[in-house]
J.: 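Below: one structure in structure tokens.
In each ligand, atom 1 is the first atom listed, and ligand 1 is the first ligand listed. What you see is a predicted model; the values in this text were computed from it and never measured.
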Amino acid sequence: MPELPEVETIRRQTEKYLKGQIVSDIKIFNSKSFTGDLKSTTNQKITGVKRYGKMLVINLENDYCLGIHLKMSGQLIYQKTREYKDKHTRVIIEFKSGDVLIFNDQRKFGWIRVFNKTDIKELSYVKNLGPEPWDIKDSDFFNKLQKKNKPIKTVLTDQDVISGVGNIYANDALWEAGINPRRSAKSLSKKEAMRLREVLMKVLEEGIRLGGSTGKDKKYIDFEGNSGRYLEKSRVYERDKQRCRRNDGGIINKIKIGGRGTYYCPVCQK
Ligand SMILES: [Zn+2]
């Protein structure tokens, strides 16, 4: 599933390629993948692309915008040709320039919706988003953790404390901070919480810089059709039975916390 760095990578590329393009037509191949009034999008120029959590919002010059959620397996691909379509193509947005934006989605949980711009901030999805690690003060982060008696790993991926941290980057940030993923969130000292917020930003920024993470399922590819390279550098994620990158004699252990694969080094994560 795409996490924040993957969606942010796509947002930056979408903005680079689509800003200024004029929508000429939208072709829908699966009715559940697109909802909203097509007429409010045609002949509209794209003015920018925003991100709310993992939802992308393509702003049009009128009162409307296109919200896009990739969910489990959605992909946005940009092409200079109209020939492209495969068996997972659900929607194709065509532009006056001849370029197209293709929405592929194998599992069909993703969607594109036409929204009125003023409605976006009222969506419960947007209202319930917690701040991202960049947007929260150390003291607020620490106070939020103090109220949680669940494993820190689970709390990091709960979107109500901070948003944007999925399984891959939560695992790696805890290794970077030297914190055992099983510890309860409220057991962290203020110093540990500060360090954790700092390394969360570090691994997420690295994820964005490396174009995100593409797992073995190859589901995530970016806008230009490239795989993300983050997993080649992951600290602990999917590195079970391998040596800790700190060369401390630890072997990366894989356990389950809250049903999710959790990786850690028993030597340096206390
Ligand atoms: Zn270690």
J.: So, using side-chain contact (heavy atoms from CB on, under 4.5 Å) as the criterion, who are the partners of D86 when residues are at least two apart?
T.: Y84, H88, T89, N104
J.: Of I102, I58, L56, which meets side chain to side chain contact (heavy atoms under 4.5 Å, CB included) against L76?
T.: L56
J.: Taking the inter-plane angle between the rings of Y263 and Y237 on a 0 to 90° scale, is it parallel (under 30°), tilted (30 to 60°) or perpendicular (over 60°)?
T.: perpendicular
J.: Please work out which of the three classes, parallel, tilted or perpendicular, describes the rings of Y125 and H69, given edges at 30° and 60°.
T.: perpendicular
J.: Mind checking ring-ring contact (aromatic ring centres under 6.0 Å, His included) for F142 and listing every partner two or more places apart, or none if nothing turns up?
T.: none
J.: Report the residues that fulfil salt bridge (Lys or Arg N to Asp or Glu O under 4.0 Å) with D240, sequence neighbours left out, ordered by chain and then residue number.
T.: none
J.: Identify which protein N/O/S atoms are less than 2.8 Å from the Zn ion (ligand 1).
T.: C244 SG, D248 OD2, C265 SG, C268 SG
